[in-house]
Amino acid sequence: MASFLDFAEIAQALSQTHSRLQIAQTVGDFLAVLDPAETESCARFLIGRSLAQGETAKLNVSGRAVWRTAAEIVGGEDSGEEIFASAVDFGEAIEMLMRLRREQPAPTLTIAGVAQVFGEIAAIEGRSARKRKLDALRDLLAQATALEAKYLAKILIGEMRHGMSEGVMIDALARMAKLTAAEVRRMHMLEGDLGRVAATLRGVRPAKSAGAAAIRPLKPMLAQPAQDVAEAFAIVGREFALEHKLDGARVQIHRVAGETRIFSRRLNEITPSLPEVVEAMERLGDRSAILDGEVIAVNDEGRPLAFQELMRRFRRVREIDRLRAEQPIRLYVFDLIGLDGRLLIDQTYQSRTEALAELAASAGLEMPKRLVTTSLAEAEQFFADAIAAGHEGVMAKALESRYTPGARGRGWLKIKRVQTLDLVIVAADWGYGRRHGWLSNYHLAAREEHSGKLHEVGKTFKGLTDDQFREMTERLLALKTGEHAGTVEVRPEVVVEVAYSDIQRSPQYESAMALRFARIVRVREDKAPGEADTIEAMAREFERQTLKPRSRTDNL
Ligand code: AMP
């Protein structure tokens, strides 16, 4: 069995390598000689995941808890500020802190052992769960050397900073298994977790075939933004389908052998929160299906309500009946991923939609309004109708496109009323005057596609209500990693949707771009930082904006 120190040393070496190819080679070779049973956890750890993607149980260990626990082991938190100021990241701060221990333990941890403890911590629930989780964390950290503690901390907060994105891991696994990256990517689409892919490739798990019904959730297919309907025509081609874009939350519903399970966009199971959806699925009887759809909050007249109203339902696991009466929801299904035990991801949008329409009609399920057209005038009218009906915009879908789990292709384009980007909050300034005592000016960052590195692209203090400022302050303080000159740095965990007027050149930021008139539209509880918009997408947007005069700034 491999020691956890081996893992830490490999990770350390990666942080000094800049070439994507070399990183993939080093990792592929390391994984190839590892005990097959350990490849699953090791692959996951290397991309900063403690557990499998889609796992319902969570560790619920914050960075603050890791810091406090390490400080307790060392015996004193006094040097905290100093350490944070000189460390490059949270993991290094933990390493520096742990080096202050009088006696360093000999390395005894193994990769499998660490994976087991993570599983145990996640499984702790019920009375005094928090305390028991922290006790288990303390036991683990106490056995770790300073370098091991650095990497335990990095995995726990999901921030490796060694250039190992999911894309690079796919290349590494391809090298390990002597397959092409495309073959591994396809397995990833089906498995939804790179750890499971690694284990399957090493023969520890059976492969999932595209012919079999998925029991695990698949990553949802993603959409790429388009400026307007005319641009969508230009990208997709002459004919496409337009659908109302509903402003709610994505759901993936698995109905297998009379049982229903519902997963969120982030593949968390949310079945207990949505009894209405479970009831609707009963109407499918014995048929099995995997449906993709959106749940929206509606008022008494059935008109869509703001996304925030819906989030109240999603976070709840108790008092469902009361909330159900208070806040009605409505399910719309827009894709059919599997039917009667077969995955349909290789069929065209057109044929999936035909099958869906039949199934939906037989079970009384609603689909979003839809139009297939070649006429720009008709398409623009459809967009205007969608907005008038209270929706967010439209989706344009290529008739021939396949369902590509987890991928943002040209098959689906989203056209929204206002120009927005989903960005990550990386720091916040303390407010003054009326905002005294709140973290109220947020530093926003976009993600670099391959490395996952975050680049600041703007700041905003607009868009939140006083209550939301208060809530956000609390939330960010729990993610604090350092502070100087009135600015609190935080772990990048909160994703916000930001509306803006345009993108301008800016010498102030490394990215050389900044958003003008940025304003937070909402907090994207459903998005992880890894799903935030990329700096590359922003650069494309910038280019587009400079090529063509903007006509939609009045929509802000
Ligand atoms: P965004 O979340 O802004 O990246 O836009 C894509 C999201 O729009 C999807 O993940 C769905 O949750 C949502 N959506 C709403 N209506 C539709 C639709 N008709 N087809 C596909 N996605 C939709």
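Order of appearance sets the numbers: ligands from 1, and atoms from 1 within every ligand. Being a predicted model, the structure only gives us computed values, none of them experimental.
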_Aromatic plane relationship, His391 with His244 - under 30° parallel, 30 to 60° tilted, over 60° perpendicular_ = tilted
*What is the nearest protein non-hydrogen atom to atom 19 (N) of ligand 1, stated with its residue, atom name and distance?*
Glu243 OE1, 2.8 Å
*Shortest protein contact, atom 14 (N) of ligand 1 (heavy atom only)*: Glu294 OE1, 3.6 Å
_Considering Lys245, Lys416, His391, Arg524 one by one, which has a heavy atom nearer to atom 6 (C) of ligand 1 than any of the others?_
Lys245
*Side-chain donor-acceptor pair under 3.5 Å between His450 and Glu448, yes or no?*
no
*asked:* Tell me whether Tyr332 reaches ligand 1 (any heavy atom closer than 4.0 angstrom to a ligand atom).
replied: no
*Starting from atom 10 (O) of ligand 1, locate the nearest protein heavy atom and write down its residue, its atom name and how far away it is, to 0.1 Å.*
Arg250 NH1, 2.8 Å
*Relative to the heavy atoms of Trp412, which atoms of ligand 1 are at a distance of less than 4.0 Å?*
21 (C)
*Please report the C-alpha distance between Glu166 and His188 in whole Å, then the side-chain angles of each, then the deciding distance to 0.1 Å, and finally whether the side chain to side chain contact (heavy atoms under 4.5 Å, CB included) criterion is met.*
CA-CA 10 Å; Glu166 287 199 341; His188 184 215; 3.4 Å; yes
_Nearest neighbour in protein (non-hydrogen) for atom 20 (N) of ligand 1_ = Lys397 NZ, 2.8 Å
*Do you know which two heavy atoms are closest between Val523 and Met472, and how far apart they sit?*
CG2-CE, 4.0 Å
*Centres of the Tyr403 and Tyr349 rings: under 6.0 Å?*
no
*Looking only at non-hydrogen atoms, find the nearest pair between Ile415 and Ala232 and report the distance.*
CD1-CB, 3.7 Å
*Which protein heavy atom lies closest to atom 22 (N) of ligand 1, and at what distance to 0.1 Å?*
Phe334 CZ, 3.4 Å
*Pull out every atom of ligand 1 sitting under 4.0 Å from any heavy atom of Arg265, numbered as shown with elements.*
2 (O), 10 (O)
*Considering heavy atoms of the protein only, find what lies nearest to atom 16 (N) of ligand 1 and give residue, atom and distance to 0.1 Å.*
Leu246 N, 3.0 Å
*Sub-4.0 Å heavy-atom contact, Glu392 with ligand 1*: no
*Do you see a donor-acceptor pair shorter than 3.5 Å between the side chains of Thr373 and Glu378?*
yes
_Quick check on contacts: which atoms of ligand 1 are under 4.0 angstrom from a heavy atom of Lys527?_
4 (O)
*Polar side chain donor-acceptor pair, Arg255 to Thr260, under 3.5 angstrom*: yes
*To the nearest 0.5 Å, how far apart are CZ in Arg265 and CD in Glu525?*
13.0 Å
*List every atom of ligand 1 that sits less than 4.0 Å from any heavy atom of Pro368, numbering the atoms from 1 in the order shown and giving each element.*
19 (N)
*Return the option from Lys414, Met395, Glu531, Met367 holding the heavy atom at the smallest distance from atom 1 (P) of ligand 1.*
Lys414
